[in-house]
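Each chain gets a letter, A, B and so on, in the order its sequence line appears, and its residues count up from 1.
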Amino acid sequence: MSLPIATVSHLTAGRSQIGTSLSFHLFFAVLGVGLPVMMLAAEGMHLRTGDPVWRALARRWSKVFAVLFAVGAASGTIISFELGLLFPRFMAYAGGIIGLPFSLEGAAFFIEAIFVGIYLYGWNRLSPRAHWLSGIPIAISAVASAFFIVTANAWMNVPRGFQIVHGRVTHVDPLAAMFNPAWATETSHMVLGAYLATTFGVASVYAVGMLRGRRDSYHRKAIVLALSMAAILAPLQLAVGDLLGRTVANHQPATLAAIEGVTHTERGAGLNIGGFPLPGHNGDVLNVKVPHLLSVLAFDNPNTPVRGLNTFPKADRTPLAPYVRLAFIGMVGIGTGLVALGLWYWLRRRRGTHGPEDRLTLMALAAAGPAAFLANEFGWLVSELGRQPWIVYGVFRTSSGITTAPGLGVTFTAFTLLYVGLTALTLWAVRRITARPVQGLPTTALAVAK
Amino acid sequence: MSLPAVIALALGLSLTSYAVLAGADFGAGALDLLSGKRCSDRKAIAETIGPLWEANHVWLIFSITILFSAFPAAFSALGTALLAPFTVALLAIVLRSAALGLRSSPGAQTRSQVMLGRLFGLASIVAPFAFGTVAGGLAVASVQGVPIGHGTPAIPWTGLFALLVGALAVALCAQLAATFVSLNLYRSGEDLITERFRRRALCSGVCVLTLSVAALATSAATTPALWHRLIGAGLPALITGSLAMVLSLLALAGRWYGVARVLTMLSGAAVLWGWFVAQSPRLVGTRLTIHTAAATHPALIAIAISIAIVLLLVLPATYLLFALFGRPVLEVIE
């Protein structure tokens, strides 16, 4: 094969392909979890207040959701196949241990797809109340899907519920595998992350509209609704993130060292804030070290030692430690920024109405949406790159899971092109939906407020 | 009946649901391509599959999860030996879903709708064709002692038999879709368009019959071992399928659309079960059977329970969906 891409190593091509697929799907999965809640909230407000603006918002979001769901369901299908196409030896090993959450996810996805059909096509077929109710199973099953899939990921990080005897998997306990020590923190972190990205994403879209001068009740309501959810969830996410950090500290010491930038073992380890791992520097660019804080955060004891990366055999530590650290800094930095922004908005809000609408706040909100999505992607990079070289931490190496079939360079190229095309098409479709004037609203609702 | 057999049965039923329900959605794409510039036809197709196709697609995901949880070794072998056709099928499925989802979104202009329509149509032909070749290849591999794995293409998915099965799958999808659309149009009293779809259903039905005979003849000539299994254990399915195919054509000729729909679904299911029975209990090649490829007992129990949960939840919900939208929908999402 003369394609330059075919010279990329087999393992790198396979990992890049599944990595690209996951980061593409994550975007749609996140909105798939979050948007139904926003739609339900807006439609519910319409049922309660009769204000047509709420209904117009719910309808518009449901149209965008229809496009995103179609692409998300398809990109999810790719991943379910790719597990076997790219990592068949991993699946031969893991399928019988962690199959339970996957098949339960099948149930959740079924319910979701069925009610998506009913909800999207039911606006004029069902009574307003019945239509609102038909959205509830979507919101619940979307969260359930995320929950089941992330328990499987948690198992890859903290594997439980099986034994290896003479190279064979035995003593499988599907429930113990699914409810491994990381399930609670990892799933909560993901679901909150999805809600945050969606709410800040929605706020961001309407903040841009306001910056362009459309300061009407339609835009204002969208932002108020999004931020009233976001401001509550963002601090919760910081707390859950802290708990997840403890899970990592207790079960993935090599990963902890990589994400916190601990190169040498420290007794009473300090927390590195900043500390960008730029090439040629020893992770000390713009670093502020808070003494003992890492030991406190990870082990509740200011003097507990934290193992440094250098104590792990070279073959057992992630070859991508600087990227893991960068992604972690990015995620935590953005998360902290979002908390601050949410607080700022609510502290400054006019009593009983809405928050500040000055240019600076709107610009911050406009940036917050993309940043929140980026934080989700960073989180996945931390989980996936931080676990390397293992596909199942401490048990099964990624290099042992990759397929023996040739041609991954070609499939990787094909799928990358597919994702580029799909991204362009999706942006185009969403743009066409949002470019249309809002329908069914009295002109007063769209009047520009002073 | 052993636990692996029960789960294999569920897997077979799930694949059958996928074939006859999502098959019609693929066929709709093929018909869309044939509709040329006739907006009325395209609209009839869109209205028939509109609210249903996403849910139908989930049967594929569900089948995949059963396969890799209950028979991980078989899933692993399939992924290794069939990287190419599955990659093609995946690309097609994704392009199909995206084209369909984006096309029905409001605001799309006529020119882009035509372009997305072509993409939808082409991808809808490629996907069932690729799956058909996989099925044909697996059937042949199940009687040949070719070892699986290590680079060698052990599953002859590019053989003549496999290619014929691929074409058969496309024709079956088209017949399913044309019959479904005819029934919907007939119920809403659109006689003129109904006739056009009835003709398409008849044409594709004749193709189904011809391709089935050709595929069977090829198996008899090139892989006698498969032929013997098909006319041995597979005989009941073979007879049911042939009868259903012929009767579906007669029903279409007589304009009994409801009957034609049931018979077309039955013939599709019979083709599938003929294959399942002929290669049972083998899954991939001769060595990986539902027993040798099965996961451990506790894992199988967990899968069986989750299958039961899926059915308990999904069957009533599917009923609700089809009750609401199985009849003509007069408004697409505006």
If I measure from the heavy atoms of chain B, does [X] come under 4.5 Å with its side chain, its backbone, both, or neither?
X	result
A:F69	both
A:S80	both
A:V172	both
A:V169	backbone
A:L126	side chain

Counting heavy-atom pairs under 4.5 Å with chain B, which one of [options] comes out on top?
options	answer
A:I78, A:L104, A:T403	A:I78
A:A113, A:G95, A:G99, A:G76	A:G95
A:T426, A:I97, A:L175, A:L418	A:L418

Is [Y] close to [X] at the side-chain level, that is, under 4.5 Å between some pair of heavy atoms?
X	Y	result
B:T87	A:F415	yes
B:F62	A:F109	no
A:S103	B:I66	no
B:T80	A:L85	no
B:L60	A:T77	yes
B:L116	A:L425	yes
B:T296	A:T170	no
A:L408	B:L83	yes

Is there a donor-acceptor contact under 3.5 Å from the side chain of B:S76 to the main chain of A:A92?
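No.
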Could you grab the distance from atom [atom1] of [X] to atom [atom2] of [Y], nearest 0.5 Å is fine?
X	Y	atom1	atom2	answer
B:S306	A:L100	OG	CG	5.5 Å
B:I93	A:S75	CD1	OG	12.5 Å
B:F68	A:M91	CZ	CE	4.0 Å

Looking at [options], which has the largest count of heavy-atom pairs under 4.5 Å with chain A?
options	answer
B:A295, B:S97, B:A98, B:P298	B:P298
B:T318, B:I303, B:L311, B:L91	B:L91
B:N56, B:L300, B:I61	B:I61
B:A84, B:A70, B:G79	B:G79

Taking all atoms of both residues into account, what is the closest heavy-atom pair of [X] and [Y], and its distance?
X	Y	answer
A:A74	B:V94	O-CG2, 3.7 Å
A:A73	B:H57	O-NE2, 4.2 Å
B:L321	A:I114	CD1-O, 3.5 Å
A:A107	B:V310	CB-CG2, 3.3 Å
B:A55	A:F110	O-CE2, 3.6 Å
B:V58	A:G106	CG1-O, 4.1 Å

Contacting region of [X] [heavy-atom separation from chain A under 4.5 Å]:
X	answer
B:L313	both
B:W59	both
B:L82	backbone
B:H297	neither
B:I64	side chain

